[in-house]
Undergrad: 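My questions all concern the structure below.
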Amino acid sequence: MTKTFWQTLPRPLLGLAPMDGVTDHPCRHIQKKYGRPGLIYTEFVAVERLAIGDWALLKDFRYDESQRPVIAQIYGHIPSLFPPMVVMLCELGFDGIDINMGCPAASVVHRGSGAGLIRTPDVAQEVVRAAKRGVEMWLNGASLRDLPKMPRRLLIEAEAQRNALPPAYQTRRPIPVSVKTRIGYEAPQVSEWIPRLLESEPAAIAIHGRTLHQRYGGNADWEEIGQAAELARGSHTLILGNGDVRSYEDALNRIATYNVDGALIGRGSNGNPFVFQPEHIRDNADRYCLLRIALEHAKLYEETISRDRPISFLSMRKHLGWYARNIPGASALRRALVQTWNAAEVAAILDDYFAHRRIFEKTLEMS
Ligand SMILES: Cc1cc2nc3c(=O)[nH]c(=O)nc-3n(C[C@H](O)[C@H](O)[C@H](O)COP(=O)(O)O)c2cc1C
């Protein structure tokens, strides 16, 4: 069996969990640069979008080389739509493909996708097998030009993205298919759900320790995650735990306690890439360091996303709010930052903030 990053990455595995509307290309770049999580997932993308020829699809699959290994996350419930999407993702140079079986949004679940698949394990298995068939098709020579209904504009952009890849990533190699899910639908059902998923032999299963009904309420149940790890023992599938991890040490502790192969951190990384780093590195970062990172993030956001559409800077504002925490004058600073429209405005506000801090600290020194 050819080894993939799942086997070669240093243990324990620690990754940035996918978060729709949060972990876009610039966010992932910043998280990787300062936190160095071992794994990175894109936000989830509906497989139907390729089938309907949505030319804007590629925006969500942008990444840069610093983010590797980078996993494309997709979702859907119609197995036949998966192989073409997977061929495209292999052509785009992704290191792995992940299938979302955990999203609790009503619009997704009602169609039978996301966490809806927990109720239809036969379909879930078919979906994993169909994704693997896509990888096989690619290994056997399928390319972007073989994709049905691929609109010309999408084809040209995808080919340009593929041609810009380093040669190693244009080479055909087995791309692992993994799953991210929850511990159950209404109540925990790990003992029925996980064995069914394991039958389709995904490379890894990341499990968020909440049911669909809990959404994000209550606490993640790591005992259930531990049970899933027990069920997977002896298989080739790795188990990653997810839910409520607040620091590197917390992740290590849970990984050891529940005997899982790794963990994903989602909300704990918001405005806080150092969450993936051990305490001595976190402590070396000065208290204003996150503000400098905020500005770098805003500039990258503008370069890659909002230059031609200033309105889309709105989505950067929440990150700015997250970065401005646990420092003097944080709430006034946050109020100002979340009204900005571009990186220049962010820079001006931060200059002003630092100037006032300097005057304030000088006054303290003199008194
Ligand atoms: C805003 C937001 C968006 C999310 N989007 C996705 C997604 O696109 N795909 C996915 O698998 N999970 C998604 N999740 C779930 C997270 O990946 C993760 O499972 C969950 O937040 C629990 O982990 P945490 O406690 O570390 O945040 C999202 C969560 C949040 C808060």
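Positions are given from 1 along the sequence. Counting starts at 1 for both ligands and their atoms, in listed order.
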Undergrad: Give the atoms of ligand 1, by number and element, whose distance to some non-hydrogen atom of Asp244 is under 4.0 Å.
TA: 24 (P), 25 (O), 26 (O)
Undergrad: Does ligand 1 have a heavy atom under 4.0 Å from the side chain of Tyr41, from its backbone, from both, or from neither?
TA: neither
Undergrad: Would the distance check show the side chain of Tyr63 and the main-chain N or O of Gly93 forming a donor-acceptor pair, the cut-off being under 3.5 Å?
TA: yes
Undergrad: Nearest heavy atom to atom 31 (C) of ligand 1 wins, so pick from Arg210, Arg267, Arg215.
TA: Arg267
Undergrad: Kindly say whether Thr4 contributes a backbone atom to a donor-acceptor pair with the side chain of Gln7 at under 3.5 angstrom?
TA: yes
Undergrad: Is it true that a side-chain atom of Glu302 and a backbone atom of Ala343 form a donor plus acceptor pair closer than 3.5 Å?
TA: yes
Undergrad: Tell me the protein heavy atom at minimum distance from atom 18 (C) of ligand 1, and give that distance in Å.
TA: Asn242 OD1, 3.2 Å
Undergrad: Using a 3.5 Å cut-off on N or O atoms only, is Pro18 in polar contact with ligand 1?
TA: yes
Undergrad: Using heavy atoms and a threshold below 4.0 Å, how should the contact between Asp20 and ligand 1 be classified: side chain, backbone, both, or neither?
TA: both
Undergrad: Can an N or O of Leu264 be found at a distance shorter than 3.5 Å from an N or O of ligand 1?
TA: no
Undergrad: Tell me whether Arg210 contacts the main-chain N or O of Asp221 through its side chain, where contact means a donor paired with an acceptor under 3.5 Å.
TA: no
Undergrad: What is the nearest protein non-hydrogen atom to atom 9 (N) of ligand 1, stated with its residue, atom name and distance?
TA: Gln73 OE1, 2.7 Å
Undergrad: Is a side-chain N or O of Arg173 found less than 3.5 angstrom from the main chain of Thr171, in a donor-acceptor match?
TA: yes
Undergrad: Drop me the distance from Leu144's CG to Leu92's CG, to the nearest 0.5 angstrom.
TA: 6.5 Å
Undergrad: Given that the side chain starts at C-beta and the backbone is N, CA, C, O, which of these parts of Asn100 lies under 4.0 Å from ligand 1, counting heavy atoms, or is it both or neither?
TA: side chain
Undergrad: Ring centres under 6.0 Å, that's the criterion: do Phe94 and Tyr169 meet it?
TA: no
Undergrad: Decide whether a cation-pi geometry holds between Arg182 and Tyr216; the criteria are a distance under 6.0 Å from NZ or CZ to the six-membered ring centre and an angle within 45° of the ring axis.
TA: yes
Undergrad: Would Asp244 and Arg267 pass as an ion pair if we require N to O under 4.0 Å?
TA: yes
Undergrad: If we only consider heavy atoms of Gly243, is any one of them less than 4.0 Å away from an atom in ligand 1?
TA: yes
Undergrad: Number the atoms of ligand 1 from 1 as they appear, then name those within less than 4.0 Å of a heavy atom of Ala17, with their elements.
TA: 17 (O)
Undergrad: Heavy-atom contacts with Tyr216 under 4.0 Å: which atoms of ligand 1 show up? List them by number with element.
TA: 14 (N), 15 (C), 20 (C), 21 (O), 28 (C), 29 (C), 30 (C)
Undergrad: Judged by non-hydrogen atoms, does Tyr75 sit under 4.0 Å from ligand 1?
TA: no
Undergrad: Report the member of Lys180, Glu43, His208, Arg182 with the shortest heavy-atom distance to atom 22 (C) of ligand 1.
TA: His208
Undergrad: Under 3.5 Å between some N or O of ligand 1 and some N or O of Val22?
TA: no
Undergrad: Is NZ or CZ of Arg334 both nearer than 6.0 Å to the six-membered ring centre of Trp322 and within 45° of the ring axis?
TA: no
